[in-house]
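A short worksheet on the structure shown next.
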Amino acid sequence: CMGMAPENLWGRTMWAISRNSDDYVPQDTDGFAEHALQNAFNSAYHSYFQQGDWDMFWTDHPQSTEHALLRVIGGGPLYISDPVGKTNALALLPVVLSDGRVATCDGTARVAPDSLFRDPVATDSLLKVTNTYGEATMVACFNITASKQSVQGDISSADVRNPIVDAEYVIFDVLNQKLHEGKPLSVTLAAGEVAMYQIVPKKRITALGLLSKYVPLRGIAWQERRADTLLYKLTDSGKYGFYSETQPTIRLIGGNSEQLILHFPESWPGVWSVECDAAALLEVSLAEPKDV
């Protein structure tokens, strides 16, 4: 991009955001591959200088989901250039909170180590991009191969950006709302498919966040852990998920929503969710063990 020349990088002293790629071209129906490739790999060095601006996109577009996820994992500003009357609000709901804040990552994006020396267009390999939000590592996966074939890759604790010594992690599949523990997760994406994963340290009670957002933990304003109790303040109404080793007890403090505990299908043991009011504090505690 015109803003990435050495004289720009070293001479820029008054601001911290810089364009990170060539222009977004909505008329190019296959333009996402080039846009993703440029932004991901430029960020490998550009992110050490400035937060990257990954350019605008259109919400009423065949690749709007891919572009929205790319901006979320990029962690920079998110803005759209829709023609008048052509905005698809549903494409924006997973990336904004009810108060208007943008629910993206809080760090700078990097190409995952196992993608850094592979060309995801010329070879049948995933483009994996990582970023952070709090203690979570977010991993976005894209299939942009020119062959239009399905591609495979792995998601594991090796993708964690700031690993904790001896920590165990859970991997949450954000788009399909599935939880995976421990072992590396094999991911296969068809041509044009995308995926987003949230990797967080595993505890007896682990907050997953607001399940309708691409970065679910953005739905939690703050959380406090007290022994086997987790208390967190919510930002929005909606369904909040959490992992618990045993069936927990839930208390809403200050909310008006009906208390509702849902167990996801048996293929995701340990995942629970509750419909909450945005004004509520949510308290999740491990129930006392029952005699068998």
| remark: In terms of heavy-atom contacts, Cys141 and Leu189 come closest through O-CD1, 3.6 Å
| said: Quick check: closest heavy atoms across Leu211 and Tyr240, and the distance to 0.1 Å? | reply: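 Smallest heavy-atom distance, with atoms named: CG-C, 4.3 Å.
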Donor-acceptor contact present, side-chain [X] to main-chain [Y], <3.5 Å:
| X | Y | result |
| --- | --- | --- |
| His46 | Ser21 | no |
| Asp277 | Ser237 | no |
| Asp28 | Asp30 | yes |
| Lys128 | Asp154 | yes |
| Tyr24 | Trp58 | yes |

| Is any side-chain heavy atom of Leu37 closer than 4.5 Å to a side-chain heavy atom of Pro120? | yes
| said: Heavy-atom count check: over 12 atoms from other residues, nucleotides or ligands less than 6.0 Å from Arg161 CZ? | reply: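 Yes, CZ of Arg161 has more than 12 neighbouring heavy atoms, counting only those of other groups under 6.0 Å.
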| Does the cation-pi check pass for Arg110 over Tyr48, that is, NZ or CZ under 6.0 Å from the six-membered ring centre and within 45° of its axis? | yes
| message | Show me the pairs that pass side chain to side chain donor-acceptor pair (under 3.5 Å) and involve residues 191-203, at least two apart or across chains. | response | Glu181-Lys202
| Mutual orientation of the aromatic rings belonging to Phe32 and His67 [parallel < 30°, tilted 30-60°, perpendicular > 60°] |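 Taking His67 first and then Phe32, their aromatic rings stand perpendicular (interplane angle over 60°).
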